[in-house]
J.: 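A single structure is presented below for examination.
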Amino acid sequence: MTLRDLSADASLCSLNTATVREQWDLRQMVDGCVRHGIGGISPWRDKVQAAGVDEAARMIADTDLAVTGLCRGGMFPAADAAGRAAALDDNRRAVDEAVAIGAQCLVLVVGGIPEGTRDLVGARAQVEDGIGALLEYSRPAGMPLAIEPLHPMYAADRACVNTMAQANDICDRLGDDGLGIALDVYHVWWDPDLPAEIARAGRKRILAFHVCDWLVPTTDLLLDRGMPGDGVIDIPAIREQVEAVGYAGHCEVEILSTRWWHEDPDDVLATVVERHKTVV
Ligand code: ZN
């Protein structure tokens, strides 16, 4: 049975909590996933911390939900050594939280250019140093780190790793043990090298598969992501490519959208399930 055959079953759909973050707390999100037959959840740290890490772990463990990731670690670059050390400390706490809730990986949004500089090259070096340092903590903890390349429009403020090729290069240099990639179609759909870089990543490196859609026009750089099917990304084509290298995990629906944050969250989840069946 291929993933496509399974797509009629929402058990391989996962809810990234950003999708309903303005409407619900973690308790409501967990209950909502169960109610809608969604098989996985990927919480953001603010929701886990608001619930309390131990309580969050308990409420998820009481269900059959897979925890397809914890969002997010990263943000490694800083203007000085103290800032970089503080970022690394926070990332170690993120690893602990990911372990506590049984996450399959800690997603890394790696960070952009340190404030007050124009040093993109240096920022990218700081990112790699930061991931390398974090691996010394995450590997013994058994928590895989998933580098999420972000669309180049975020290179300054969110992530200076912008392509699958960059992420693959980092994995080549730091080693695949406990390190891989979170592929989010929103960030990489435009890349002519995407098929080749998915093949290069292979099953061992693709730790998470995030979906939403690119709207035309996009009216906000961060908060105007589309429900799958409402935009221009050929999501099934990308999904076929990750299936072809053996990815058999969840499709994580992650929609940061002021439009969907104004909807009834149960309607949002029902739409997520419907779109997962029909256009993912
Ligand atoms: Zn994502």
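Everything numeric in this text was worked out from a predicted model, so none of it was measured. As the structure lists them, so they are numbered: ligands from 1, and atoms in each ligand from 1.
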J.: Is any side-chain N of the basic residue among D90 and R93 closer than 4.0 Å to the acidic one's carboxylate O?
T.: yes

J.: If the threshold is 4.0 Å, N to carboxylate O, is there a salt bridge linking R259 and D224?
T.: no

J.: Other than L215, which residues form its hydrophobic cluster under the rule that side-chain heavy atoms must be closer than 4.5 Å?
T.: none

J.: For D31, does the CG atom sit with more than 12 other heavy atoms under 6.0 Å from it, leaving out its own atoms?
T.: yes

J.: Considering the Zn ion (ligand 1), could you give the total of protein N/O/S atoms lying closer than 2.8 Å?
T.: 4

J.: Has E22 got more than 12 heavy atoms of other residues, nucleotides or ligands less than 6.0 Å from its CD?
T.: yes

J.: Checking ring pair (Phe, Tyr, Trp, His ring centres under 6.0 Å) between Y186 and each of Y154, W214, F209, which is the one that passes?
T.: W214

